[in-house]
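Encoded as structure tokens, the structure appears first; notes follow it.
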Protein chains: 2
Amino acid sequence: MFRLSKAAEYAIRGVLHLSFKAEGETCGIDEIAKAQGVPPAYLAKLFQSLARKGFVRSFRGVEGGFILTKRPKDITLLEIIEAMEGRICLNDCLIYAGYCPKDDVCPVHPVWKEAHKRFVDYLKGCTFEEMANASKVKAMRTKEKISA
Amino acid sequence: MFRLSKAAEYAIRGVLHLSFKAEGETCGIDEIAKAQGVPPAYLAKLFQSLARKGFVRSFRGVEGGFILTKRPKDITLLEIIEAMEGRICLNDCLIYAGYCPKDDVCPVHPVWKEAHKRFVDYLKGCTFEEMANASKVKAMRTKEKISA
DNA sequence: TTAAAATAGGATAAAAAAGGTCTTAAATGT
DNA sequence: ACATTTAAGACCTTTTTTATCCTATTTTAA
């Protein structure tokens with residue numbers, strides 16, 4: 001099934017939340033979990049994983065929490081998804097060249113290869129800066145509507 | 001996880017196999033299963049489902065088996081995938097408009113909407129005729145290489 | 001030194017995926 | 001009529017993945 005896991009979904013929302021913070025400002029799991037409406041204990045584990053992979057830095061103790069290690073414009077949707085789910089692989093035959101013994105005769109193989117490329121390229125083009133900005137614009141529009 | 005299920009994979013291979021047959025020529029599960037290297041019992045079940053959904057017609061008894069109800073050029077990869085897995089839905093928020101209460105403020109939503117459109121459009125463009133032809137060309141090239 | 005916060009990891013429960021088995025029903029040739 | 005062939009249908013098992021929760025431990029600022 002072609003469906004994003006909750007793990008990746010939550011991680012994306014978490015990173016997006018951090019994208020709004022000033023550089024260096026830490027943010028605790030509870031704040032993120034509450035704001036994004038996700039289970040705190042689960043999110044904590046996901047952020048541990050993001051920390052090990054270098055996307056966020058963690059600080060323990062009072063006033064601790066997480067910060068991004070890169071600027072939002074340098075983090076792509078693809079990276080966060082692959083951090084949580086492993087490399088995107090639309091079909092087993094793409095695990096590595098030669099995994100499927102029929103690679104060179106199978107007419108479906110090149111189709112999956114191309115689909116993979118397009119999908120990944122698109123996701124690679126989506127940065128958290130873009131998304132954060134889009135969010136601000138949307139929030140403004142909503143405000144306008146309400147006051148109008 | 002963004003991965004094609006075995007069910008869909010096997011169904012695709014099965015339909016592809018039928019695409020090489022002359023119109024009206026039936027082909028049994030065992031032949032398909034053997035040729036494509038997939039578990040016969042499982043494939044049988046998948047073909048039952050394809051029959052119910054109108055992609056193939058079945059004939060019981062001696063010389064029975066399956067035929068395609070449409071010509072390969074009129075069957076797309078997308079159709080077969082969706083027949084086996086249900087509608088492609090890259091993220092829960094795309095289940096239907098309004099499913100996610102944050103649709104109109106969430107900056108990730110439009111990204112998934114676009115990714116979905118691109119993915120589906122590509123798969124919709126892939127017909128079994130194309131794939132069958134590609135297969136023949138590949139087989140020829142292999143032959144040339146061997147005799148050269 | 002104590003309270004706040006992340007870390008590490010296991011436990012688990014539910015769902016989906018992958019596959020098998022066995023019986024019934026229909027078509028066909030003899 | 002009957003045996004044979006082949007799909008249909010119902011049910012079941014195993015494995016894997018997903019999504020959680022929970023508890024003990026470490027770190028650190030006040």
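Note on naming: letters A, B, ... go to the chains in the order of the sequence lines (proteins, then strands), and numbering restarts at 1 for each one.
- Between the CG atom of A:Leu50 and the P atom of C:dA8 there is a distance of 13 Å, given to the nearest Å.
- D:dA8 atom P lies 13 Å from atom CG of B:Asp30, rounded to whole Å.
- A:Ala44 comes within contact range of no nucleotide atom at all, as no heavy-atom separation falls under 4.0 Å.
- With DNA chain C read from its 5' end, the first of the two nearest nucleotides for B:Leu4 and B:Ala41 is the one closest to B:Leu4.
- Both A:Phe59 and B:Glu63 lie near DNA chain C, and the one whose nearest nucleotide falls closer to the 5' end is A:Phe59.
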Residue pair A:Arg118, A:Asp121: steps toward the salt bridge (Lys or Arg N to Asp or Glu O under 4.0 Å) verdict: CA-CA 5 Å; A:Arg118 290 177 184 217; A:Asp121 281 352; over 6 Å; no
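- The closest side-chain donor-acceptor pair between A:Lys45 and A:Ser49, if any, does not fall under 3.5 angstrom.
- At whole-Å resolution of the value, CD in A:Glu9 and P in D:dT20 are 11 Å apart.
- A:Phe47 comes within contact range of no nucleotide atom at all, as no heavy-atom separation falls under 4.0 Å.
- Residue side chain A:Arg60 reaches the base of D:dT26 through a donor-acceptor N/O pair under 3.5 Å, judged by distance alone.
- If you check distances only, the side chain of B:Lys45 does reach the base of C:dG19 with a donor-acceptor pair under 3.5 Å.
- Residue A:Arg3 has no polar side-chain atom (N or O) positioned under 4.0 Å from OP1 or OP2 of D:dT17.
- With hydrogens and angles disregarded, no donor-acceptor distance shorter than 3.5 Å links the side chain of A:His116 to the backbone of A:Asn91.
- When the P atom of D:dA10 is taken as reference, atom CD of B:Gln48 falls 9 Å away, rounded to whole Å.
- Going from atom CG of A:Leu46 over to atom C1' of D:dT18 covers 11 Å, rounded to whole Å.
- Nearest to the side chain of A:Lys6, among D:dA7, D:dT20, D:dT4, sits D:dT20.
- OP1 or OP2 of C:dA8 has at least one side-chain nitrogen or oxygen of A:Arg52 nearer than 4.0 Å.
- Here D:dT20 presents its P atom at 15 Å from CD1 of A:Ile29, a figure rounded to the nearest Å.
- Under the 3.5 Å distance criterion, the side-chain polar atoms of A:Gln36 are left unmatched by any main-chain donor or acceptor of A:His17.
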Chi angles and distances behind the side chain to side chain contact (heavy atoms under 4.5 Å, CB included) call for B:Leu77, B:Met131: CA-CA 10 Å; B:Leu77 197 49; B:Met131 290 192 285; 4.0 Å; yes
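- Looking at the side chain of A:Ser5, the nearest of the listed nucleotides D:dA19, D:dT18, C:dT7 is D:dA19.
- Taking side-chain N and O atoms only, B:Tyr10 has a distance below 4.0 Å to OP1 or OP2 of C:dG19.
- Rounded to a whole Å, the OH atom of B:Tyr42 is 14 Å from the P atom of C:dA16.
- Note on B:Ser58: every side-chain N or O is 4.0 Å or more away from OP1 and OP2 of D:dT6.
- In this structure, the CE atom of A:Met84 is 14 Å from the C1' atom of D:dT17, given to the nearest Å.
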